[in-house]
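Before any comments, here is the structure.
In what follows, every heavy atom counts, from backbone to side chain, and hydrogens, waters and symmetry copies are set aside. In what follows, chains carry the letters A, B, and so on, assigned in the order in which the sequence lines appear, proteins first and then strands, with residues in each chain numbered from 1.
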There are 2 protein chains.
Amino acid sequence: MTTLIENAHILTMDNRREIPNGCVLVDDGKIAYVGRRTELPQRAAPDAVLDGKGGILLPGFVNAHTHLAMTLLRGYGSDLNLQDWLTKKIFPAEDRLQTGDCATAARVGIAECLLGGTTTFSDMYMFMDETARVVRESGIRAVLCRGMTAGDGFEERLADATRLYRDYHGHADGRISVMLCIHAEYTNTEHTVRRIVDEAGRLSAGIHVHLAETRAEVDGCRQRYGVTPAQWMDNLGVFARPVTAAHTVWLSDGDIQILAEKGVHAVHNPASNMKLASGVAPVQRMLDAGVNVALGTDGASSNNTLNMLRETQLAALLGKLSAMDPTAVDAYTALQMATLGGARALGLGDVCGSIEVGKDADLILLDTSKPWWAPRHEAAAQIVYAASTEDITMTMVRGRILMQNRQVKTIDVPAAMEQMQTVTQHLY
Amino acid sequence: MTTLIENAHILTMDNRREIPNGCVLVDDGKIAYVGRRTELPQRAAPDAVLDGKGGILLPGFVNAHTHLAMTLLRGYGSDLNLQDWLTKKIFPAEDRLQTGDCATAARVGIAECLLGGTTTFSDMYMFMDETARVVRESGIRAVLCRGMTAGDGFEERLADATRLYRDYHGHADGRISVMLCIHAEYTNTEHTVRRIVDEAGRLSAGIHVHLAETRAEVDGCRQRYGVTPAQWMDNLGVFARPVTAAHTVWLSDGDIQILAEKGVHAVHNPASNMKLASGVAPVQRMLDAGVNVALGTDGASSNNTLNMLRETQLAALLGKLSAMDPTAVDAYTALQMATLGGARALGLGDVCGSIEVGKDADLILLDTSKPWWAPRHEAAAQIVYAASTEDITMTMVRGRILMQNRQVKTIDVPAAMEQMQTVTQHLY
């Protein structure tokens with residue numbers, strides 16, 4: 001199966017390369033050609049042709065940190081302080097989760113991802129078999145990890161995480177990969193962290209963590225151990241593994257140095273950090289130090305969307321404001337964080353995140369007919385500062401079109417939404 | 001002409017009143033009834049019925065500070081520092097503006113407003129006759145003011161502003177109103193401000209100003225006059241008039257007290273203030289002091305949209321972050337700033353901004369069938385934190401539907417966009 005996407009302005013995102021009136025040839029799910037239409041090598045006619053209509057072709061967004069099934073708790077308890085929100089709303093509802101609930105949540109969440117141009121998400125939650133099933137069915141790409149905290153049943157949870165790795169890593173044509181998880185410093189002990197790091201080493205797995213999300217987390221860690229969460233994890237050998245570290249808000253200069261030296265990937269979650277008033281991650285300082293920075297929405301419970309375009313806009317705007325410098329976190333940089341930066345953070349830098357020959361065809365097409373596209377200027381700036389989700393007219397993963405003309409092709413959205421409304425009745 | 005809008009969840013925005021499964025009867029452009037369908041008084045069948053399909057009915061957004069024609073400069077010079085951006089990009093381009101350019105810009109800009117659910121905008125710019133013509137044709141509501149700075153030709157500009165007031169104030173079925181303008185402290189003198197205040201008094205006109213947008217502006221004013229821009233304007237009698245003050249970022253506690261005592265309306269412009277790294281307006285502190293706070297996009301040159309839904313989301317998120325308090329600027333408050341707060345700021349508090357009997361029918365309808373509306377929760381929070389522009393399916397001003405199903409009815413959008421592309425060729 002070959003598909004030719006033509007008549008599009010292409011941002012490859014592997015460097016600042018742009019191809020006006022370019023085309024991409026997809027062959028068996030992979031990118032076989034990217035360049036000008038006139039230079040496309042002679043070959044058999046493609047099986048399908050997709051007209052970009054003068055729009056923009058981008059690699060799909062990579063949502064590098066979310067809790068997908070928390071779409072069930074979207075908007076449940078907005079405008080509360082963190083402690084009230086967690087203890088009075090989120091935790092009691094999560095205690096009532098039943099089999100099947102997370103599959104329902106995954107259907108709604110993945111539909112939202114596809115409508116928003118997200119082709120890969122990295123998930124940390126429970127009931128991962130249900131999520132894996134919906135990933136398989138829907139055609140999206142995902143990195144799954146089972147949340148890991150200390151306490152009763154830790155060894156069972158770790159065994160379950162190991163089983164998940166063996167059951168799913170590399171499955172669904174390679175669309176699913178699995179990482180281990182250290183939920184956070186404050187929910188683990190030195191013992192559990194060492195156990196997880198050992199297990200990750202045996203499996204050659206990466207580790208997904210929450211790191212320095214709130215000031216209280218850092219203060220608590222200093223009281224408990226006399227070091228920052230980044231130092232604590234580093235001392236326990238966590239950063240010898242490939243690590244995706246979400247939030248990274250309250251980092252010292254020394255912490256940033258550790259992340260840079262150990263190649264830890266940071267995931268910036270601006271909407272959630274703003275909404276919960278957690279603070280602002282030092283994005284420009286991390287970039288200057290050479291840290292790879294990705295973007296994520298966090299769960300829909302604290303966002304309240306899985307909208308990566310909004311996250312990218314926020315990353316650029318907040319990056320400038322927090323640095324008090326309008327040249328900080330420019331549009332291209334923000335867009336690269338949302339695409340290639342995310343792929344690299346998830347160990348998928350050779351698989352997706354940019355439009356390069358040999359990579360999987362994870363692509364999105366933006367229509368530019370709405371008024372906010374006039375006049376036309378630098379594509380990256382226009383996407384980051386002006387584009388709207390409705391401009392995304394096509395989402396493709398591994399060469400398969402999963403969303404077209406704002407319709408999700410692989411999920412029955414009205415049924416999933418109705419099912420979700422039913423589920424919430426036993427949750428809260 | 002009567003129109004019945006039924007089967008909608010109504011947020012009236014005059015208080016925290018919500019009407020599940022409510023309806024609104026529009027009679028001759030005005031709201032004749034708002035309430036439950038079952039309690040609608042018996043009367044003749046309406047001329048038209050609009051099915052809300054279980055969505056949400058809101059008053060239209062009021063964009064209380066923009067420079068509409070700067071849509072011509074959208075995205076022109078992103079990620080630059082303010083001084084380079086103004087002197088190397090914006091000012092030279094503005095010097096090349098020709099007759100007709102601003103009408104083209106207004107068509108594109110108003111189309112974007114209508115697609116974004118904005119029913120009123122407050123404009124500060126030049127070539128106001130052209131903008132007024134497009135306002136008249138398109139059916140939107142606008143408050144127009146001609147930018148006023150000191151220097152050569154000041155008296156001619158003031159005479160032109162006075163003429164505009166006499167030519168347009170209250171025209172187009174009351175959809176157009178006119179204010180005078182003091183561009184800013186740093187672009188005016190004590191003499192020009194006194195002249196404008198006198199003229200505004202004679203006309204009984206309000207005044208639209210830029211106030212304390214940047215730290216440099218406040219520092220400069222202190223050096224020039226030994227007082228803050230708010231004190232300076234207050235001393236010159238500006239605040240004895242109804243005043244709409246845009247930006248209000250660098251306010252002292254004393255400044256906030258002045259705004260509260262004098263009833264000055266503040267307009268928060270979060271996207272522009274973030275993008276230009278100007279700073280964060282003290283929204284929660286202004287609200288606590290009793291200042292009416294509205295929202296505006298500023299010009300598309302520094303936003304880069306006229307998207308009020310995004311502005312409302314930013315106001316809530318940034319309000320929490322800057323106060324480091326997740327309960328600050330809650331969703332309802334942000335939404336009220338975007339609607340009734342804006343109407344009040346423009347002297348239209350009795351005309352629009354809320355769904356109340358006797359007010360003009362400036363209404364928008366949100367469709368809730370996309371995945372980010374599942375599960376359903378508090379309407380205000382869901383609009384502010386999760387809604388997307390594409391959810392807005394109907395925009396009505398004075399009872400006339402100007403946008404429906406994402407199509408603008410009163411502007412030829414493709415023609416306007418093409419014309420804009422042509423115009424930019426002589427601008428830059």
Under 4.5 Å from any heavy atom of chain A, what part of B/Asp325 do you find: side chain, backbone, both or neither? backbone
Which heavy atom of A/Thr327 sits nearest to which heavy atom of B/Leu80, and what is that distance? CG2-C, 4.1 Å
Does any heavy atom of chain B fall under 4.5 Å from the side chain of A/Ser322, the backbone, both, or neither of them? neither
Could you tell me if the side chain of A/Leu318 sits less than 4.5 Å from the side chain of B/Leu317, heavy atoms only? no
Counting only non-hydrogen atoms closer than 4.5 Å, does A/Leu115 touch chain B with its backbone (N, CA, C, O), its side chain (CB onward), both, or neither? side chain
Top contributor to chain A contacts, counting heavy-atom pairs under 4.5 Å, from B/Gln313, B/Lys370, B/Arg406, B/Glu390: B/Glu390
Portion of A/Tyr332 that has a non-hydrogen atom of chain B nearer than 4.5 angstrom: neither
Can you tell which part of A/Arg310 gets under 4.5 Å to a heavy atom of chain B, answering side chain, backbone, both or neither? side chain
Contact part of A/Asp84 toward chain B, heavy-atom cut-off under 4.5 Å: side chain, backbone, both or neither? neither
Could you check whether any side-chain heavy atom of A/Arg215 comes within less than 4.5 Å of a side-chain heavy atom of B/Met324, counting everything from C-beta outward? no
If one checks every heavy atom of A/Glu378 against chain B at 4.5 Å, the contacting part turns out to be side chain
For B/Ala374, does its backbone N or O pair with a side-chain atom of A/Arg74 as donor and acceptor, under 3.5 Å? yes
Where does A/Ser369 contact chain B at under 4.5 Å (heavy atoms): side chain, backbone, both or neither? backbone
Residue selection (most heavy-atom pairs with chain B, distance under 4.5 Å) from A/Ala380, A/Ala328, A/Ala386: A/Ala386
Max heavy-atom pairs within cutoff under 4.5 Å with chain B, candidates A/Pro326, A/Gly319, A/Ala381, goes to A/Pro326
Chain B contact via A/Thr424 - side chain, backbone, both or neither, heavy atoms under 4.5 Å: side chain
Counting heavy-atom pairs under 4.5 Å to chain B, which of A/Gly279, A/Ser388, A/Ala316, A/Ala271 comes out on top? A/Gly279
Name the option with the most non-hydrogen atom pairs under 4.5 Å to chain A; the candidates are B/Trp85, B/Trp373, B/Tyr428. B/Tyr428
With a cut-off of 3.5 Å and sequence neighbours excluded, list every side-chain donor-acceptor pair involving residues 407-420 of chain B.
| unit_1 | atom_1 | unit_2 | atom_2 | d |
| --- | --- | --- | --- | --- |
| B/Thr410 | OG1 | B/Ser138 | O | 2.8 |
| B/Asp412 | OD1 | B/Ala415 | N | 3.2 |

Any heavy-atom pair between the side chains of B/Gln421 and A/Arg376 that's under 4.5 Å? yes
Residues in residues 295-306 of chain A near chain B [non-hydrogen atoms, under 4.5 Å]: A/Asn303, A/Asn304, A/Thr305
Structural part of A/Thr333 lying under 4.5 Å from a heavy atom of chain B: neither
Let me know if B/Thr368 has heavy atoms under 4.5 Å from chain A in its side chain, its backbone, both or neither. backbone
